[in-house]
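Computed from a predicted structure; not experimentally measured.
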Amino acid sequence: MAALDLFGRRWALRVLWELREGPLGARALLARCEGLSSSVLYQRLRELTSGGIIANSPDGYELTALGAALGDALRPLDDWATVWARAQERAKDGRDSLEA
């Protein structure tokens with residue numbers, strides 16, 4: 001439950017998403033996350049660092065091995081979300097939401 005609490009906090013998953021391809025500094029993260037305040041960003045960076053999910057590096061913040069493994073763990077949820085989104089679109093169009 002602690003992990004769900006951490007990842008459920010506002011902007012936490014977005015920060016991790018932005019770090020998926022390599023390190024970024026705080027300014028770059030702010031630029032990529034429109035609407036994210038610097039105070040919330042720094043709070044999330046502290047929390048994610050404390051949790052061992054990200055680390056500060058000479059190039060900015062980056063995913064740790066544990067943080068990178070989270071992407072693999074979330075892949076089935078991403079696959080499900082894609083199917084769900086398609087079903088939502090079909091439902092809007094008046095088609096059966098259970099069609100493949």
Side-chain angles (χ1 to χ4, degrees):
M1 292 307 296
L4 291 177
D5 178 52
L6 175 61
F7 301 135
R9 293 178 188 165
R10 206 170 32 137
W11 294 102
L13 287 175
R14 177 64 186 271
V15 168
L16 296 174
W17 173 260
E18 294 299 339
L19 294 175
R20 76 193 182 286
E21 292 185 7
L24 291 171
R27 285 186 185 191
L29 284 166
L30 280 171
R32 291 180 181 211
C33 300
E34 185 177 333
L36 172 60
S37 71
S38 60
S39 61
V40 171
L41 172 62
Y42 286 110
Q43 179 65 34
R44 293 304 164 263
L45 292 173
R46 281 190 299 275
E47 294 164 351
L48 293 166
T49 299
S50 175
I53 307 301
I54 66 172
N56 203 349
S57 75
D59 297 320
Y61 291 90
E62 63 186 357
L63 295 174
T64 62
L66 193 57
L70 178 63
D72 295 332
L74 291 175
R75 192 153 287 110
L77 179 59
D78 183 50
D79 293 343
W80 176 86
T82 299
V83 171
W84 176 78
R86 288 181 189 144
Q88 295 299 304
E89 284 301 314
R90 283 192 298 274
K92 281 184 196 175
D93 294 342
R95 293 181 277 163
D96 183 356
S97 64
L98 297 178
E99 292 176 12

Should [X] and [Y] be counted in the same cluster of Ile, Leu, Val, Met, Phe, Trp and Tyr side chains packed under 4.5 Å apart?
X   : Y   : value
Y42 : L19 : yes
V83 : L77 : no
L48 : L66 : yes

*Could you note down all residue pairs passing salt bridge (charged side-chain N to carboxylate O under 4.0 Å, His left out) where residues 30-46 supplies at least one of them, sequence neighbours left out?*
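Checked against salt bridge (charged side-chain N to carboxylate O under 4.0 Å, His left out) - neighbours excluded - the pairs reaching residues 30-46 are E18-R32, R44-E47.
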
How long is the straight-line distance from [atom2] of [Y] back to [atom1] of [X], given to the nearest 0.5 Å?
X   : Y   : atom1 : atom2 : result
L16 : L74 : CG    : CG    : 8.5 Å
L45 : I54 : CG    : CD1   : 4.5 Å
R10 : S37 : CZ    : OG    : 6.5 Å
D78 : W80 : CG    : CH2   : 11.0 Å

*Side-chain (T64) to main-chain (I53) donor-acceptor, under 3.5 angstrom*: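 A pair under 3.5 Å: yes.
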
If you define the side chain from C-beta out and look only at heavy atoms, does anything of [X] sit under 4.5 Å from [Y]?
X   : Y   : result
C33 : L41 : no
Y61 : P23 : no
L36 : L29 : no
R9  : L6  : yes

*Considering all heavy atoms, the nearest F7-L13 contact*: O-CG, 3.4 Å

*Got more than 12 heavy atoms from elsewhere within 6.0 Å of CZ, R20?*
yes

*Which is it for E89 and K92 under the salt bridge (Lys or Arg N to Asp or Glu O under 4.0 Å) test, yes or no, and what are the steps along the way?*
CA-CA 5 Å; E89 284 301 314; K92 281 184 196 175; 3.6 Å; yes

_Using a strict threshold of under 4.0 Å (side-chain N to carboxylate O), is an ion pair present between R75 and D79?_
no

